[in-house]
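A short worksheet on the structure shown next.
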Number of protein chains: 2
Amino acid sequence: MTTEQAAAVLGGLRAAGVRITAARRAVVDALVAADEHVTADDLAARVAASHPDVHLSTVYRTLDALERLGVVTHVHFGHGRAVYHLSDRLHHHAVCEECGAVIELPSDVLVDVQARLRRDTGFEIDPHHFALVGRCRACI
Amino acid sequence: MTTEQAAAVLGGLRAAGVRITAARRAVVDALVAADEHVTADDLAARVAASHPDVHLSTVYRTLDALERLGVVTHVHFGHGRAVYHLSDRLHHHAVCEECGAVIELPSDVLVDVQARLRRDTGFEIDPHHFALVGRCRACI
DNA sequence: ATCTTTGCAAACTTTTTGCACCAAT
DNA sequence: ATTGGTGCAAAAAGTTTGCAAAGAT
């Protein structure tokens with residue numbers, strides 16, 4: 001069940017000179033189908049449903065390739081786990097340290113801070129690569 | 001060379017019913033002497049200069065005790081490494097993903113964002129536990 | 001035929017933990 | 001004498017890597 005979007009991603013890979021394998025097709029399908037944020041492990045589990053011998057390291061390598069292509073972005077959610085999503089949906093994330101809940105934030109929440117730091121210190125924050133961490137309403 | 005500040009910290013530990021050992025004294029001394037942010041590993045190396053057999057796990061356990069006491073805070077600086085500092089100097093951090101440079105930020109940089117998220121989503125960000133990540137002036 | 005990609009196992013990094021011994025109170 | 005602290009080695013958890021075999025082009 002390769003969707004239109006998955007086909008487009010695969011086409012991009014092919015155009016970039018990357019070979020299309022069963023494992024890659026399966027990873028891309030799983031990634032497009034998962035409309036939340038998934039860890040590499042999650043993704044490997046989903047892929048395993050149809051392709052039991054696709055190894056976790058292959059998932060990592062495919063995600064890497066997709067990331068180099070700009071199609072995929074990964075975000076670090078506090079302690080340890082990184083999650084992946086398609087780059088086209090741009091937003092920030094807040095993660096509850098207590099329960100792990102993830103809130104998607106409008107992508108303008110940090111523009112003022114970003115501008116202030118750029119002006120005052122020359123530092124350019126990248127608010128997509130690491131999530132904001134704290135406590136959600138339920139865990140305060 | 002136990003300083004006044006170190007003595008105060010040790011006193012706090014003692015008052016909390018924690019035993020004062022040579023290892024703990026050494027860790028506290030090293031922590032007070034280091035006026036930058038140090039990793040547990042850094043700290044272990046500094047401690048080793050005078051107390052070669054203090055184990056890294058003891059450093060972690062001591063930092064843990066100090067953190068429970070509220071004397072020490074740790075901050076995650078992007079990929080993997082956590083750093084420790086005395087809690088009394090409160091500020092935020094921005095870390096360059098390229099060169100690792102750390103910029104200390106005034107502690108009010110995020111109050112607006114914090115207030116906005118609290119109001120809009122009920123989420124309370126904890127801007128001390130994780131640093132902001134990005135690129136410093138030199139690495140852009 | 002070539003040269004990339006794969007599966008596997010093993011290394012890696014940072015932090016935590018189980019355990020028997022040791023030491024502060 | 002207690003009880004908590006220590007060193008050590010080993011386990012976590014998440015990710016990366018070296019390698020020989022398999023597969024896409």
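Proteins come first, then strands; the chains are lettered A, B, ... in the order of their sequence lines, and each starts at number 1. This is a predicted model, so every value here is computed, not measured. Below, each value reflects all heavy atoms present in this structure, side chains not excepted, and no hydrogens, waters or symmetry copies.
For the residue pair S57(B) and R61(B), a side-chain donor N or O sits within less than 3.5 Å of a side-chain acceptor on the partner.
Remark on DNA chain C: of its neighbouring residues S57(A) and R14(B), the 5'-side contact belongs to S57(A), judged by nearest-heavy-atom nucleotide. Mapping T39(B) and T21(B) onto DNA chain C via the closest heavy atom, the residue that lands nearer the 5' end is T39(B). Both H79(A) and A22(A) lie near DNA chain D, and the one whose nearest nucleotide falls closer to the 5' end is H79(A).
Heavy atoms of A82(A) sit under 4.0 angstrom from primed sugar atoms or phosphate atoms, though from no base atom.
Taking each heavy atom of V109(B) and V113(A) in turn, the nearest pair found is O-CG2, 3.4 Å.
In the interface, the side chain of R61(B) is not paired with the base of dG4(D) through any donor and acceptor atom under 3.5 Å apart.
Rounded to whole angstrom, the span from the CD1 atom of I20(A) across to the P atom of dT5(C) amounts to 9 Å. Separating the CZ atom of F77(B) from the P atom of dT15(C) is a distance of 12 Å, rounded to the nearest angstrom. Distance CG (D53(A)) to C1' (dA21(D)): 14 Å, rounded to an integer number of Å. Here the C1' atom of nucleotide dT6(C) and the CG atom of L63(A) are 15 Å apart, to the nearest Å. Rounded to an integer number of Å, the gap from CG of L10(B) to P of dA24(C) is 14 Å. Atom CG in L56(B) sits roughly 9 Å away from atom C1' in dT14(C) (whole-Å rounding). Taking atom CG of residue D64(A) and atom C1' of nucleotide dT17(D), one finds them 12 Å apart after rounding to whole Å. H76(A) has its NE2 atom 14 Å from the C1' atom of dA13(D), to the nearest Å.
Aromatic rings of H128(A) and H91(A) (six-membered ring for Trp) have centroids beyond the 6.0 Å cut-off, not under it.
Taking the C1' atoms of five terminal pairs at each end of the helix from dA1(C)-dT25(D) to dT25(C)-dA1(D), the two resulting helix axes are inclined by 20°, rounded to 10°.
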Exercise. Given the rule in the side-chain contact (heavy atoms from CB on, under 4.5 Å) test, do I103(B) and H93(B) qualify, once you have shown the distances and angles that lead to the verdict?
Worked result: CA-CA 6 Å; I103(B) 297 182; H93(B) 308 85; over 6 Å; no
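Checked against dT5(C), dT6(C), dT2(D), the side chain of R19(A) finds its nearest nucleotide in dT5(C). Checked against dA9(D), dG5(D), dA9(C), the side chain of H55(A) finds its nearest nucleotide in dA9(C). The side chain of R24(A) lies closest to dT5(C) when the candidates are dT5(C), dC8(D), dT17(D). Looking at the side chain of Y60(A), the nearest of the listed nucleotides dT6(D), dT16(D), dT15(C) is dT16(D).
A salt bridge links E36(B) with R46(B): the closest approach of a Lys/Arg side-chain nitrogen to an acidic carboxylate oxygen falls below 4.0 angstrom.
Distance check, rounded to the nearest 0.5 Å: CD1 of I125(B) to CG of L117(B) gives 5.5 Å.
With a 4.5 Å cut-off on side-chain heavy atoms, L43(A) and L31(A) count as touching.
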